[in-house]
2 protein chains.
Amino acid sequence: MSDERTGPIPRGPAVATDIVLFTIADGALQVLLVERAAPPFVGRWALPGGFVHHDESLEAAARRELAEETGVAVRWLEQLYTFGEVDRDPARRVISVTYFALVDHEPLAPRADSDAADVGWFPVSDLPALAFDHAAIVDYALRRLRYKTEYAPVAFQLLPETFTLSDLQTVYEVILERPLDKRNFRRKLQALGVVQPTREMRRPPAGRPARLYRFAPAAFEALGGGVVLAF
Amino acid sequence: MSDERTGPIPRGPAVATDIVLFTIADGALQVLLVERAAPPFVGRWALPGGFVHHDESLEAAARRELAEETGVAVRWLEQLYTFGEVDRDPARRVISVTYFALVDHEPLAPRADSDAADVGWFPVSDLPALAFDHAAIVDYALRRLRYKTEYAPVAFQLLPETFTLSDLQTVYEVILERPLDKRNFRRKLQALGVVQPTREMRRPPAGRPARLYRFAPAAFEALGGGVVLAF
DNA sequence: TCAAAAGTGTTTCCCCTACACCCATGG
DNA sequence: CCATGGGTGTAGGGGAAACACTTTTGA
């Protein structure tokens, strides 16, 4: 380690955090964006985020920013990547530690608070022009989501606590962008034991009622990290 | 995004980078450590690293620190994780963007430069007490290495440009900590086409000469991200 | 009775695994 | 000729993939 680590702190970069929050709505994958109210990039859409305070951890900063701008406790939050190109902010040197977050759509009603002009969900397939390098950050998050869907229990975080197996299959199909076989999908889930049937059913507007299931974290843990949820 | 992003920059954390550099030597996985010459943790072993300059990217900072302390161009360098707990440095708030690096052992001869009291390779199975949260960082890097070995061409980066298939198998065995079947290993490599035979052979002190191979990045790319190198 | 969505088994094929002997060389 | 490490094939089992019809309900 260089002496610099212990010498006087050089005039360093500022540290921010930006969050890519996904949900599923209207059968599509959506990202939460806020409209910038101050320069640079006034009026442009951007990821929610802000500077890290001196006395809070990175994850705490991400949660605080999310709470301030969406008022919602996310279901899943993990660090994504740290973007540190010198010129990524035209005004000054800012390093952004980005986070990847998931919520189920229902309970979320993002509203603009004082910090942002507007807030909204945008389908990932049709995003507006974004501020800074945020388009690259969303791309990176999308790759992580697709990748992670195949081996970690992230799809469940995009659904309410109970869900039908068809709901779950739709989530996989929307994220992976390919159709899955219904019987293989269900067999695999039940073989792994990662879903627990409840006693309740959901009655659709038309058609046979569907059983509601619940994610079984215990069963998932027992399988260790090497679970393959690839269908 | 919060207004803070555009308002006055709060007194923020300092940004450092630390690098976990692995190699294989004496049939074991080894990490490069430097002995600290200044407080805190004087005399303790730590990962090579230092503060990020105002005008260099994160990766550039990592490469610079490595060059300063080892004089070697690494074969593989990727971002690992950003550690930002408030109290991870007892003296002041420092956020560390860590990197994961690989070299083949041969050409490397790390020597202490003016910034560190001493430099050396340590087997991961027998590390000294480390400064800061560096033990956790090494753990994290180890998990990444084991994981990545199974689906990305990282093992090749721990060997010279040409190598025997036995060399390569040993690298896998050392990293994964389990014996592999020689025939299955070789069949799979050749089926994937990720190794190219050269015309040269290596003559061991005793025994039959072994063909030297070279990594075939082109074949690897062609397979897309979804290659499974799990044996 | 019709429309709509839920639910259910079997077969095929490929890949992973386990396993043991001969080959080329140097001393 | 012996010791050392290099190199090769096959058979069996398990999981993934492909595939279509019956069931339950509301209108």
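Since we're looking at a predicted model, the values are computed, not measured. Each chain gets a letter, A, B and so on, in the order its sequence line appears, and its residues count up from 1. Hydrogens, waters and symmetry mates are skipped; everything else that's a heavy atom, side chains included, is used.
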In whole angstrom, what separates [X]'s [atom1] from [N]'s [atom2]?
| X | N | atom1 | atom2 | value |
| --- | --- | --- | --- | --- |
| A/F185 | D/dA16 | CZ | P | 14 Å |
| A/R211 | D/dT23 | CZ | P | 18 Å |
| B/N184 | C/dC15 | CG | P | 14 Å |
| B/L168 | D/dG5 | CG | P | 18 Å |
| A/D181 | C/dT10 | CG | C1' | 13 Å |

> Closest nucleotide of DNA chain D for A/R183 versus for A/R203: which of these residues is on the 5' side?
Replying inline: A/R183
>> Distance criterion of 3.5 Å, no angle test: do you see the side chain of B/K182 paired donor-to-acceptor with the base of D/dG7?
In response: yes
> Do B/R208 and D/dA3 have a side chain to base donor-acceptor pair shorter than 3.5 Å?
Replying inline: no
> For A/Q190 and A/G207, take the nucleotide of DNA chain C holding the closest heavy atom to each; which residue's nucleotide lies nearer the 5' end?
Replying inline: A/G207
Can you label the angle between the [X] ring and the [Y] ring as parallel, tilted or perpendicular, going by 30° and 60°?
| X | Y | value |
| --- | --- | --- |
| A/F22 | A/F100 | perpendicular |
| B/F132 | B/H134 | tilted |
| A/F83 | A/Y140 | perpendicular |

> Which part of the nucleic acid, if any, lies within reach of A/P204 when heavy atoms closer than 4.0 Å are counted: base, sugar-phosphate only, or nothing?
Replying inline: nothing
>> Using a heavy-atom cut-off of 4.0 Å across all strands, would you classify B/S166 as base, sugar-phosphate, or nothing?
In response: sugar-phosphate
>> When you measure from the side chain of A/T198 to the backbone of A/L212, do you find a donor-acceptor pair of N or O atoms at a distance under 3.5 Å?
In response: yes
> Under 3.5 Å, side chain of B/T17 to main-chain N/O of B/L58, donor-acceptor pair present?
Replying inline: no
Every protein N/O lying under 3.5 Å from an N/O of nucleotides 11-13 of chain C:
none

>> Does this structure show an ion pair linking B/R178 with B/E150, if we count only N-O contacts that are shorter than 4.0 Å?
In response: yes
>> Side-chain N or O of A/R186 versus OP1/OP2 of C/dT8: is the shortest distance under 4.0 Å?
In response: no
